[in-house]
Amino acid sequence: MKAILAFDLGTSGVKCSLYSVNGKLLGAQYGEYETYYPHADWREQNPFDWIEQIKLACRKLTAGSSDAEICAIGVSGHSLGALPVDAAGKLLVERIPIWSDARAGEQAQRFFEKIGHREWYETTGNGFPAHLYSLFKIMWYQDNAPQVYEKTCRFIGSKDFVNLYLTGVMATDHSYASGCGIYDLKKGVYRADFAEAAGVDIEKFPPIFPSHAIIGRVTVSAAAELGIPEGTPVVAGGVDNACMALGAGCFEDGDTYASLGSSAWITATTDAPVVDYDSMVYTFAHCVPGRFIPSLGIFASGSALKWAADNFFADIQGEDRYDRIAGLADTSAAGAHGLMFNPCLAGGSSADKSPNIRGCLFNLSLGSTKADVARAVFEGIAMHLYATAMPLVRSGKLGNRLLVVGGGAKGESNRQIYADVFGREVAVSRVRQDAASLGAAALAAVGCGVWESFDPLHEIHRGLTISHPNADNHAVYERVLPVYKKLCDACSDLGDLAGDTGLLS
């Protein structure tokens, strides 16, 4: 039985999945790894933790699928990485800054003294806070670890490091390259003048291939460690949000989906780049040639829910703990009797007034109940994503139905809150948390010739479960929204003040 192997490298862990050639999930294994926070705004991981978890997960998976003949491998990975690797393929540091690491503010500021921020944004579509992008992390290495910078042959992305382990080849694809800080969205190439302004050698960026292109084959050593055949073809793969869009069936112009994971975002598929300097929509190249994925998102969604569960509802445990917390939330009313939760526990995105925004629980009174707190948490996360996505709403690019994927798509109560907040149908297919894995598998299937196109994904997504918006609840949230926006602006202002006085954590 021919099968496709996919690795989905997320912020919290890696999922190793095996798919039949018709897109059916045959099995999956998951392994977690740690994120380190050594200083304020630093968020680091050890890439060899990724590899160790891939080894463990892959061996467990293949041991239970001995009759599967793996014909290709695709990898999805979290974005904005800059892993310094020497000419021999050796990683030059123990831990690397991940996508949300915000240490490179000084480097970004220096770059924009030479290149106008608007020109840079409208060329690259890089709408996150600028200092998160790979270019500025590379500049940080140049300033703070010059010996690492000098020895580096290529700065590669997270999934590119996995591909390097698998094949020995250093390469990237257009979707991942579009988050590096010097990629021209319209031309599909690195901008030499941006690299020069940064003082960074453009040759240190990896060559770019189509996401479905075979870049190499599994080496003898990787095959032995993973328990898979030597010589298995490996495609370039894609950045997580592009793979997730593909796996969600979002690859034709006008398709829309929402990812509800540790972070959350809303993405549309377009046939031309979408940039808007006022709203700073962030646009990546899709892993589907000729397509782009303008998105808006928030940094803390499922991670904020987990924090709230651990700190407010520690007495609720078990595999169904989130369903039970959601059940408690259902006993409160829409609007949580005035209680509001700002989920910005990981700082602000470009849609927030300040990157220094921090979370809060507002409007507590002696009448507030545990159920109100639970509902406010679910509503606050949905409300923040809705407020963030407002430019897409106003542009007309956000459809009347959101297909949701990720962990947050599992709960019926949570999906209903999203439907009520957005005033739109919320649909979920059986793919749910596996969208990025399925997208990576689809790239491999096309790359090795098992699929002629991505059209089989349409069939995989038939049979949607739909949550319809409650008009009365939506009216409540529309009344809450202006107050909620003022609350978030106040949290931004207070975050700036706390930062000025050295109180920001």
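Ring planes of Y277 and Y121: tilted class, angle from 30 to 60°. Ring orientation note: the planes of H212 and F454 are nearly perpendicular, at an angle over 60° on the 30°/60° scale.
Close placement of the F48 and F161 rings is indicated, their centers lying within 6.0 Å of each other. The distance between the ring centers of Y141 and Y149 does not fall below 6.0 angstrom. Centroid-to-centroid, the aromatic rings of Y133 and Y183 stay 6.0 Å apart or farther. In this structure, W120 has its ring center closer than 6.0 angstrom to the ring center of F136. Between F251 and H458, the distance separating the two ring centers is shorter than 6.0 angstrom.
Taken to the nearest 0.5 Å, the CH2 atom of W50 stands 14.5 Å off from the OH atom of Y165. Remark: L61 CG to L18 CG distance equals 5.0 Å, nearest 0.5 Å. Atom CZ of residue F205 and atom CZ of residue F155 lie 8.0 Å apart, to the nearest 0.5 angstrom. Annotation: the span from T269 atom OG1 to Y257 atom OH amounts to 8.0 Å, rounded to 0.5 Å.
A salt bridge links R321 with D310: at least one charged nitrogen is closer than 4.0 Å to a carboxylate oxygen. Salt bridge E412/R415: absent, no basic N to carboxylate O contact under 4.0 Å. Using a 4.0 Å cut-off between charged nitrogen and carboxylate oxygen, R217 and E230 do not count as a salt-bridge pair. With respect to the salt-bridge test (charged N to carboxylate O, under 4.0 angstrom), the residues R154 and D160 do not qualify. Salt bridge present: R103 and E44 bring a charged side-chain N and a carboxylate O closer than 4.0 Å. Using a cut-off of 4.0 Å between Lys/Arg side-chain N and Asp/Glu carboxylate O, D434 and K15 are scored as salt-bridged. The residues D184 and K186 are annotated as not salt-bridged, no charged nitrogen and carboxylate oxygen being separated by less than 4.0 angstrom. The pair D86-K151 does not count as a salt bridge, with every side-chain nitrogen at least 4.0 angstrom from each carboxylate oxygen.
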Evaluate the criterion salt bridge (Lys or Arg N to Asp or Glu O under 4.0 Å) for residue pair E225 and R59; output intermediate values, then yes/no. CA-CA 8 Å; E225 291 180 340; R59 280 199 163 276; over 6 Å; no

Between S12 and E32, does the side-chain hydrogen bond (donor to acceptor under 3.5 Å, both in side chains) criterion hold? Intermediate values first, please. CA-CA 6 Å; S12 303; E32 291 188 348; over 6 Å; no

Evaluate the side-chain contact (heavy atoms from CB on, under 4.5 Å) criterion for residues I51 and Y33: first the C-alpha distance (whole Å), next the side-chain angles of each, then the deciding distance (0.1 Å), finally the verdict. CA-CA 10 Å; I51 302 302; Y33 34 76; over 6 Å; no

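Side-chain contact between F292 and V274 is absent, with no heavy-atom pair separated by less than 4.5 Å. Side-chain contact between C344 and I298 is absent, with no heavy atoms from C-beta onward closer than 4.5 Å.
The backbone N or O of C250 lies less than 3.5 Å from no partner atom in the side chain of H461, so there is not a single donor-acceptor pair.
With F422 as the aromatic partner, R424 does not meet the cation-pi criteria of under 6.0 angstrom to the ring centre and within 45 degrees of the ring axis.
More than 12 heavy atoms of other shown residues, nucleotides or ligands fall within 6.0 angstrom of atom CD in E252. In this structure, K306 places its NZ atom where only 12 or fewer heavy-atom neighbours from other residues, nucleotides or ligands lie under 6.0 Å away.
Scanning all heavy atoms of the two residues, the minimum distance from Q142 to G199 falls at NE2-O, 2.7 Å.
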